[in-house]
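Here the structure is laid out as structure tokens; the discussion comes afterwards.
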Amino acid sequence: MSSAIRHLEPESQEADPSRTEIARLVTLVRDCQRAGIARQACMIRLSAQCHDHKLPLQVRLAREAVEPLTKADRAQLFDLPGRDMVLIWRGPADTALASARTAIEHLFDDDRDASASSGLWTEFHLPEDTDRLLSAIAETLAPKKATPVPPAETNALNTHVLAAMETALVRADVAPFARRRDICRRLPDGTFQRCWEKRFLSVEEITQSLAPGHAARFDPWLFQRLTRTLDRRMLVLLSSAGEMRDAGPFAINLNVASILAPEFLRLDESLPGHLRGHVVLDLAPADILSDPAAFVFARDFARSRGYRLMLRNVTADLLAVFQLGRIGLDLMELRWSDTLGRIDRDMVLTDARNIVLSHADTPDAIAWGLAHDIPLYQGAMALPDRSRAARLAAG
Amino acid sequence: MRTGANSQSAASLIAAGIERQLHEAVQRQGRQPAGRLAIALHLSRLSAPAPRPHHMRIARACLQDTASRYNGQVFGLSNGDLVLLCQSGSGARSDAGLSTRGGAADPASVPEVLRRLFRVDTPAQVRLVSVWPFETHMAELAGYVSSCLARAPRPGLPPPEIAVQTTALDAVEAVVGTAEISDILQRQTAVLIQGAPRHGEPGMLAPIYREVTFSIAALEARIASHGHVNDDPFLFRHLATRLDRRMIEVLTEQIGSLGPLDILAQSSEQSHEQTFEPTGEQHGRHANRPPPGTSLHVNLTVAGILSPAFDRFAMLCTQAAGLKGRGPGLLGVEVNLMEAMADPSGFARARAVVARSGFALLLDGVSHLALALCRPMALQPDFLKLDWSPRLADLAVAEADAVDEAIASFGPQRFVLQRAETEAALRWGLSRGIRRFQGRHVDAMLGAARIVVCHQAPACTLRQCIERSSALGTAGRAGCTNLRLLDEGAPRPVGSPTGRPPKPEAPRAPRTDGPQRAGRTSEILS
């Protein structure tokens with residue numbers, strides 16, 4: 001038993017209300033184990049997902065999202081430090097569970113930022129999972145916690161705010177919001193070597209700047225529409241003087257419509273010769289299927305100009321739907337999740353050699369990828385070996 | 001008025017000016033024809049909605065690229081065609097072929113690049129690109145240029161891209177919240193074509209479900225100043241989540257009302273025999289599931305299905321049906337393919353919720369291109385609704401094979417061919433074993449069948465009968481004095497021995513030999 005948990009046994013509780021809460025939770029979990037009582041539980045780890053500045057909104061929306069679940073039989077909600085939550089109830093509550101989970105995942109599905117939604121939502125079946133749940137609780141107590149922020153009046157994105165953001169984005173300087181992350185190849189010695197950089201705009205920060213107190217991703221379709229404007233701003237940023245001079249191979253997220261926009265033609269015009277053939281355009285499944293004819297046109301046009309095309313954000317559920325040969329793309333970004341991990345290790349991935357396993361933040365993810373012959377990775381467990389790069393540079 | 005006329009004539013002058021400039025350039029360069037080349041891209045020959053603004057932009061960029069490397073010039077003609085005059089290139093493609101910009105810009109490669117780009121938008125038998133070397137094809141080039149000069153410029157250019165106003169969505173939302181629901185809904189009946197033709201009698205039409213949707217036309221009419229709401233697919237999906245809430249609310253209110261939106265009332269009208277195929281239709285896990293038929297179909301989003309409101313609706317359905325000693329009401333839930341793609345795990349959960357409620361799940365909005373590009377059936381819907389397009393009849397071999405293979409592997413009995421506007425659609429579907437159809441051609445066939453037996457028919461036209469049958473509100477049905485028949489769908493199978501032949505005077509009367517001929521094709525192929 002970890003020391004953090006031992007600390008929380010009822011006899012050691014202090015007057016601090018959050019400690020009382022945790023002690024109550026631990027007692028309940030232990031009672032279930034001792035008496036063999038069946039309960040369902042889920043842990044929602046908001047602290048691992050968001051920066052301090054966006055906590056109040058996310059917490060409020062997350063609480064609204066789990067509201068139906070608190071109506072389940074014998075449901076109890078426990079608040080942990082750092083805005084994490086544990087819910088325990090009796091019986092299946094499938095629909096409420098599914099809707100709460102969907103809402104929470106939407107809330108934090110920050111595809112363009114380097115956040116990982118893994119660990120956001122974990123389900124437990126008591127009494128079997130007692131140890132797993134206790135160590136998860138201990139984990140929430142161990143690292144430094146986000147300091148509580150005074151609640152602000154905040155809202156989800158709506159059409160008015162979207163329109164205002166689109167107008168503001170025409171003039172806004174987006175350079176401060178530009179971010180990069182590495183896509184790496186795993187070498188035989190177990191280290192990772194950068195192949196290209198993903199360049200993107202931090203949607204969360206742009207939203208905080210242009211529409212403070214709003215969450216862009218809470219409405220997936222308004223967010224998707226917003227990305228068209230962001231695409232164009234990104235293209236303009238990349239085409240600006242000097243931006244490409246020292247650039248290495250890179251990838252950007254684009255909508256199909258953005259590849260066919262004048263801004264893309266300008267980027268294409270300013271692309272230095274050494275980068276042609278080394279730029280990857282990442283396309284999303286729903287966008288592709290919103291206008292397949294435009295997609296085929298854009299795909300063939302981008303190909304004729306030497307771009308490589310990647311199908312991004314493919315999840316375990318979509319793996320059977322897409323084949324690179326059939327859709328005519330070069331690469332596939334497969335998003336790591338526990339669901340993916342449950343797929344049979346013997347299953348053959350047809351396109352394995354052209355797959356990037358993204359959100360590879362755990363050893364499990366890398367192990368699964370290696371078992372399936374996946375060569376390319378993105379995530380906390382797949383960072384380029386800087387020391388090795390330095391050694392090579394030093395000669 | 002005056003201003004309009006002036007600007008029109010000014011536009012004509014400018015347009016004619018471009019044709020004139022092309023004419024002069026051809027004449028001038030024709031004096032030293034060696035090594036000069038003209039490439040014409042006939043965008044005017046594409047069928048609507050092409051050429052779209054991005055077609056013009058990208059094609060122009062491609063040609064401009066060649067022009068700047070090969071001492072050339074691009075002319076954008078008033079009919080939409082683009083003409084490039086330039087030096088002919090080396091003719092030798094670079095090793096990288098089309099994958100490098102230099103290779104693609106070579107005048108020898110340009111025609112192929114353009115043909116490939118426009119492949120999916122070019123009708124069969126259309127020559128999209130003409131290549132006229134000055135030395136050998138001057139006569140053809142001169143003929144084309146003179147014909148462009150002679151034609152008065154016609155305003156056929158694609159409309160400019162206008163971003164959909166987000167205010168339109170708010171306006172629609174307000175209308176949906178306040179309007180009499182039956183006035184903004186519409187319905188369409190889908191049919192199963194049963195049996196093979198015998199002794200000159202065609203197959204029979206059996207109505208299988210009625211799809212109730214929000215009428216976008218009716219909604220837009222109420223927000224006239226705000227423009228079209230479905231031009232932007234993303235904003236439209238956003239709107240769909242709002243329409244959903246109202247639909248689920250109405251369906252819940254209507255349980256047991258015996259009205260057109262009461263899902264328990266639907267199945268009593270028809271027997272299961274009508275909706276199931278007589279033989280060989282059910283297999284696998286679908287044997288015990290309700291067919292998409294006998295029932296009401298609505299379009300819902302993934303979020304809507306996963307909402308507590310849907311849960312409550314499904315529970316009340318089961319309860320109400322239980323009181324009557326029956327199974328749950330028969331409902332088909334249609335989910336757009338984009339929805340499933342945007343949130344595949346949500347879709348999987350929604351599929352489970354729908355199945356548990358005893359309803360059927362259909363994947364909607366699947367175009368033939370989508371079917372050629374991916375395998376939507378891997379999302380495991382009960383049925384898949386394929387959009388008919390005239391292009392299906394003349395697809396390139398690889399795409400046609402992909403579509404046929406997809407239909408065969410999922411099973412033609414699990415497909416509905418929707419937007420079946422013509423007899424050609426039915427013929428195409430039947431020849432692939434598809435027997436479920438929805439669309440304007442089906443509406444016309446059902447309408448004709450009603451008119452044949454309706455004693456009030458002399459007072460109405462076929463078009464009126466079709467329009468009234470698609471309406472739910474009193475206003476839309478006004479004029480019909482035989483509402484019972486109007487609501488029945490198809491009173492008797494078309495062409496059955498009991499039915500009289502369609503009235504010759506009925507406007508747009510469908511040819512009753514449609515299914516018959518199609519049926520024959522089907523028989524031959526099977």
Side-chain angles (χ1 to χ4, degrees), chain A residues 68 94-96 98-99 101-103 105-106 158-160 162-163 166 219-225 227-228 257 260-262 265 268-269 276-277 284-298 300-301 303-306 315-323 326-328 337 339, chain B residues 50 52 54-55 57-58 61-62 96 98-101 104 113 116-121 163 165-167 169-170 232-238 240-241 302-303 306-308 310-311 337-339 341-350 352-353 356 367 369-370 372-376 378-379 402:
Chain A
D94 289 352
T95 310
S99 68
R101 186 174 183 155
T102 307
E105 279 172 355
H106 271 150
N158 59 44
T159 50
H160 298 288
L162 173 71
E166 285 179 339
D219 186 309
W221 297 110
L222 290 186
F223 169 69
Q224 189 68 42
R225 152 93 179 205
T227 61
R228 284 207 201 139
L260 303 172
L265 290 172
D268 184 61
E269 198 66 33
R276 197 161 293 280
D287 174 51
I288 286 174
L289 289 165
S290 72
D291 189 349
F295 160 71
V296 171
F297 185 80
D300 293 347
F301 167 64
R303 276 275 182 72
S304 76
R305 299 275 163 141
T315 60
D317 300 279
L318 287 184
L319 206 46
V321 177
F322 291 106
Q323 252 186 349
R326 189 168 181 134
I327 198 165
S337 64
T339 321
Chain B
R52 294 160 67 180
H54 65 245
H55 289 144
R57 186 160 53 235
I58 300 298
C62 290
L98 304 181
S99 68
T100 67
R101 206 168 158 210
V113 169
R116 265 191 37 200
L117 269 184
F118 285 93
R119 193 171 38 88
V120 298
D121 296 292
Q165 296 300 310
T166 50
T167 48
L169 268 69
D170 298 331
D232 182 319
F234 303 143
L235 286 185
F236 189 69
R237 293 314 318 160
H238 167 77
T241 60
V302 167
L306 293 177
S307 69
F310 184 83
D311 219 20
L337 178 61
M338 267 175 83
E339 284 277 326
M341 290 291 170
D343 182 6
S345 64
F347 177 79
R349 290 195 294 274
V353 168
R356 203 175 49 225
S367 68
L369 274 176
L373 291 170
C374 67
R375 300 189 65 253
L379 294 165

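Convention: sequence-line order gives letters A, B, ...; per-chain numbering from 1. Note that these values count all heavy atoms, side chains included, but never hydrogens, waters or copies made by symmetry.
Contact annotation: the side chain of Asp317(A) never approaches that of Phe347(B) to less than 4.5 Å [non-hydrogen atoms, C-beta and beyond]. When side chains are defined from C-beta on, Gln224(A) does not count as touching Arg237(B), because their heavy atoms never get closer than 4.5 Å. Considering only heavy atoms from C-beta on, Arg228(A) comes within 4.5 Å of Phe234(B) through its side chain. Between Leu289(A) and Cys374(B), some side-chain heavy-atom pair lies under the 4.5 Å cut-off.
Heavy atoms closer than 4.5 Å to chain B are found nowhere in Asn158(A), neither backbone nor side chain. Contacts between Leu117(B) and chain A at a heavy-atom distance below 4.5 Å involve backbone atoms as well as side-chain atoms. Of the two parts of Ser345(B), the backbone and the side chain both hold a non-hydrogen atom closer than 4.5 Å to a non-hydrogen atom of chain A. Of the two parts of Ser290(A), the backbone and the side chain both hold a non-hydrogen atom closer than 4.5 Å to a non-hydrogen atom of chain B. When heavy atoms are compared at a cutoff of 4.5 Å, Ala370(B) approaches chain A by way of both its backbone and its side chain. Neither the backbone nor the side chain of Ala352(B) comes within contact range of chain A; no heavy atoms are under 4.5 Å apart.
Judged as a side-chain contact (heavy atoms from CB on, under 4.5 Å), and not counting sequence neighbours, the contacts of Pro285(A) are Leu311(A), Leu318(A), Phe322(A), Met341(B). For Asp219(A), the side-chain contact (heavy atoms from CB on, under 4.5 Å) partners two or more places apart in sequence, or in a different chain, are Trp221(A), Leu222(A), His238(B), Arg242(B).
Heavy-atom pairs under 4.5 Å with chain B peak, among Asp287(A), Thr339(A), Ile288(A), at Asp287(A). Annotation: maximal heavy-atom pairing with chain B below 4.5 Å, among Asp291(A), Asp300(A), Leu260(A), occurs at Leu260(A). Taking Gly328(A), Ser337(A), Ala261(A), Ala298(A) one by one and counting their heavy-atom pairs under 4.5 Å with chain B, the maximum is reached by Ala261(A).
Here the CZ atom belonging to Phe295(A) is positioned 10.0 Å from the CG atom belonging to Leu369(B), to the nearest 0.5 angstrom.
Closest approach of His54(B) and Ala294(A) over heavy atoms only: CE1-CB, 3.9 Å. Here the closest non-hydrogen pair linking Ala293(A) and Asp121(B) is CB-OD1, 4.3 Å.
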